[in-house]
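Beneath this line is the structure, given in structure tokens, with notes to follow.
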Amino acid sequence: MSETQPPPSRRALKATEAEAAPTAAEQIAAGDAFDDHRLPTAQLERAAFGEHVVPWSPPVPVAPPSVAPWALAVAIAALIASLFAGVLLPLGVIAIVMSIISLRRAHDSRRVAIWALALAVLSVVFSAGWLLWALPQLSPV
């Protein structure tokens, strides 16, 4: 059996190519300033005004729409309605649910969601007060 030597490593190949490769001055004198062995899809290293390296960064993901302003709007409407009548109690409950959902979402404004929750709870309290006052008035005497 004959022993075959393993192929040279990449480092050894680079070292031999570096020794055999002409210097930059020799390449310019020969008219071959660019590497011929590079693939055509390789990034150009030199442009008209020197090296331009633009780092790639992924596009910024679009944030989903916020629920907090809607919860605040519904809570304000429920509070205004609860000052005059108690029949819109479900509107306050909807505002509470929307504000809790907004509090659970990371990108929504916590301050707006807390205000929405506070106003929604206040509207439910006012609506319940109206209903508790109105129910005894409905019974015949």
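Between Ala75 and Ala116, the shortest heavy-atom distance links the atoms CB-O, 3.4 Å. Taking both residues in full, the closest heavy atoms of Leu91 and Ala77 are given as CD2-C, 4.1 Å, listed atom of the first, atom of the second, then distance. The shortest heavy-atom contact between Val112 and Ala68 is CG1-O, 3.5 Å. Scanning both residues, Ser123 and Gly92, for their nearest heavy atoms gives OG-CA, 3.6 Å. Looking at every heavy atom in both residues, Pro64 comes nearest to Arg105 through CB-NH2, 3.7 Å. In plain terms, the two heavy atoms of Val93 and Val124 that are nearest each other are N-CG2, 3.9 Å.
The same ILVMFWY cluster, assembled from side-chain heavy atoms under 4.5 Å apart, contains both Leu122 and Trp115.
The line from CG of Leu119 to CD1 of Ile96 is 11.0 Å long, rounded to the nearest 0.5 Å. Within the model, atoms CH2 of Trp130 and CG of Leu83 stand 9.0 Å from one another, a figure rounded to the nearest 0.5 Å. Here the OG atom belonging to Ser99 is positioned 12.0 Å from the CD1 atom belonging to Ile94, to the nearest 0.5 angstrom. Of the inter-residue distances, the one linking Leu117 atom CG with Arg110 atom CZ reads 10.5 Å to the nearest 0.5 angstrom.
In Gln137, the CD atom is crowded: over 12 heavy atoms of neighbouring residues, nucleotides or ligands sit closer than 6.0 Å.
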